[in-house]
Amino acid sequence: MAYRTVLVVLFDGVQSLDVTGPVEVFTGADTHAGEPGETYRIRTASLEGAPVRTSSGLTLVPDHALAEAPAPHTLLVPGGQGTRGPDPRVIDWLREHGPRADRLVSVCTGAILLAEAGLLDGRRVTTHWAYCDRLARDHPAIEVDPDPIYVRDGHVATSAGVTAGIDLALALVEEDLGRDAALSVARYLVVFLRRPGNQAQFSAQLSAQTARREPLREVQHWITEHPGDDLCVESLAARARLSPRHFARAFQSETGMTPGRYVDTVRLEHARRLLEDTTDGIEQIARASGYGTPEAMRRAFIRTLGAPPAEYRRRFHTTRTS
């Protein structure tokens, strides 16, 4: 099997984990899922081959100058503070060499560099949630989806912040070498091979703000702990000792989400975890997650994740061994 060259572009202010996370995955595939040198060959390059200082203060020494870098199968562009005011020469190099790569990959705000080089026009992409609005505003020819942890659009793959780059790299290894190879790498790195690309960047608790007032915070906690209970506005308002109208208005004001949307997010997250971690039946999970019927849960999964519960479980169930 011929190896695939993965070329990582380095620059001052790069996020170190955006580089090392995917590199560890590809290197792990070379070590644990194949013969050394027969799966991936990792190369790094910077302008003039000079060492770069990451945003955390680490210094990375590249293998090549960009002008002398080998033609890559996978061109990987990490993110970091250095994407806020990139050197124009990096953009020019990406504009010239990016179209020649078999696969273009960005981690976090590396998507900004690909966008500046005109390589994302007409594509659906994602990036770190804090920069999605900026990317969409500055590049209207790009469809920016702020929710998924990574997005595949043809030969272009973009991921959300930092650790999402590991999820994307594992997905690419699975595409190249098969699921068993990706599982071997995930086990070695002690990470889960189960986060789908369209999983939200935030859990329910992170995507909503924490309410300032104690009664509303208690309601948030109650919803999380009791997704199968009656969570209509009237019931939640009674628990907060507020009128339904006052409760709904205060909850949205303090959390940034309506009570109904928060409940939907918690229930979907709970059902996902049960599908991933248990062997409970679909009907049992639907009841435990507050959907009432398997069909209601099925509609929620298709609407949000693009796959029914049974397919989700088939792809992302984690088999536990003693």
task: Would you please test Phe301 and Leu268 for side chain to side chain contact (heavy atoms under 4.5 Å, CB included) and show each step?
output: CA-CA 7 Å; Phe301 266 68; Leu268 185 73; 3.5 Å; yes
[atom1] of [X] to [atom2] of [Y]: how many Å apart, nearest 0.5 Å?
X	Y	atom1	atom2	answer
Leu66	Ser46	CG	OG	6.5 Å
Arg84	Thr109	CZ	OG1	7.5 Å
Leu104	Asp153	CG	CG	11.5 Å
Leu168	Ile149	CG	CD1	9.0 Å
Leu170	Leu183	CG	CG	9.0 Å
Arg41	Leu7	CZ	CG	13.0 Å

Ignoring hydrogens and angles, write down the donor-acceptor pairs under 3.5 Å from the side chains of residues 240-252, residues two or more places apart or on other chains.
from	atom 1	to	atom 2	distance (Å)
Ser243	OG	His246	N	3.1

Does this structure show an ion pair linking [X] with [Y], if we count only N-O contacts that are shorter than 4.0 Å?
X	Y	answer
Arg123	Glu143	no
Asp145	Arg124	yes
Glu116	Arg95	no
Arg272	Glu269	no
Arg53	Asp12	no
Arg313	Asp280	no

Just grab all the ring-ring contact (aromatic ring centres under 6.0 Å, His included) pairs involving [range], residues at least two apart or on different chains.
range	value
residues 54-97	Trp93-His97
residues 157-188	His32-Tyr188
residues 280-299	none

Any side-chain heavy-atom pair of [X] and [Y] under 4.5 Å:
X	Y	result
Asp167	Tyr150	yes
Val266	Arg261	no
Leu76	Val107	yes
Val173	Val25	yes
Leu172	Arg103	yes
Arg287	Met297	no
Thr39	Leu177	yes
Arg134	Ile112	yes

query: Is Glu175 atom CD crowded by more than 12 heavy atoms from other residues, nucleotides or ligands, each under 6.0 Å away?
result: yes
field: Flag if over 12 foreign heavy atoms under 6.0 Å of NE2, His221
entry: no
Do [X] and [Y] have side-chain N/O donor and acceptor atoms under 3.5 Å apart?
X	Y	result
Tyr262	Arg267	no
Ser16	Thr54	no
Asp30	Tyr3	no
Thr44	Asp63	yes

message: Pair Met257, Thr265 - check side chain to side chain contact (heavy atoms under 4.5 Å, CB included), show working.
response: CA-CA 10 Å; Met257 301 176 75; Thr265 305; 3.7 Å; yes
Glu214: partners by side chain to side chain donor-acceptor pair (under 3.5 Å), with sequence neighbours left out: Arg217
Provide the closest heavy-atom pair for [X] versus [Y] in the form atom of the first, atom of the second, distance.
X	Y	value
Pro51	Thr59	CB-CG2, 3.9 Å
Pro148	Thr126	O-OG1, 3.6 Å
Leu10	Pro62	CD1-CB, 4.0 Å
Asp18	Gly80	OD2-N, 4.1 Å
Pro309	Ile282	CB-CD1, 4.0 Å
Pro86	Thr83	CD-O, 3.3 Å

query: Partners of Arg43 by salt bridge (charged side-chain N to carboxylate O under 4.0 Å, His left out), sequence neighbours excluded?
result: none
task: Output, in order, the C-alpha distance, side-chain angles, deciding distance and verdict of salt bridge (charged side-chain N to carboxylate O under 4.0 Å, His left out) for Arg239 and Glu218.
output: CA-CA 9 Å; Arg239 180 164 294 277; Glu218 290 179 357; over 6 Å; no
query: Would you find a donor on one side and an acceptor on the other, under 3.5 Å apart, between the side chain of Ser289 and the backbone of Ile285?
result: yes
field: N/O donor-acceptor pair under 3.5 Å between Glu254 side chain and Arg213 backbone
entry: yes
task: Show your reasoning for whether side chain to side chain contact (heavy atoms under 4.5 Å, CB included) applies to Val125 and Leu135.
output: CA-CA 10 Å; Val125 306; Leu135 184 61; 4.0 Å; yes
task: Among Thr74, Thr27, Thr31, Asp176, find the residue that satisfies the side-chain hydrogen bond (donor to acceptor under 3.5 Å, both in side chains) test when tested with Tyr40.
output: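 With Tyr40 as partner, Thr74, Thr27, Thr31, Asp176 yield a single side-chain hydrogen bond (donor to acceptor under 3.5 Å, both in side chains), made by Asp176.
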task: Report the C-alpha distance between Val156 and Leu120 in whole Å, list the side-chain angles of each, state the deciding distance to 0.1 Å, and finish with yes or no for side chain to side chain contact (heavy atoms under 4.5 Å, CB included).
output: CA-CA 8 Å; Val156 176; Leu120 299 183; 3.6 Å; yes
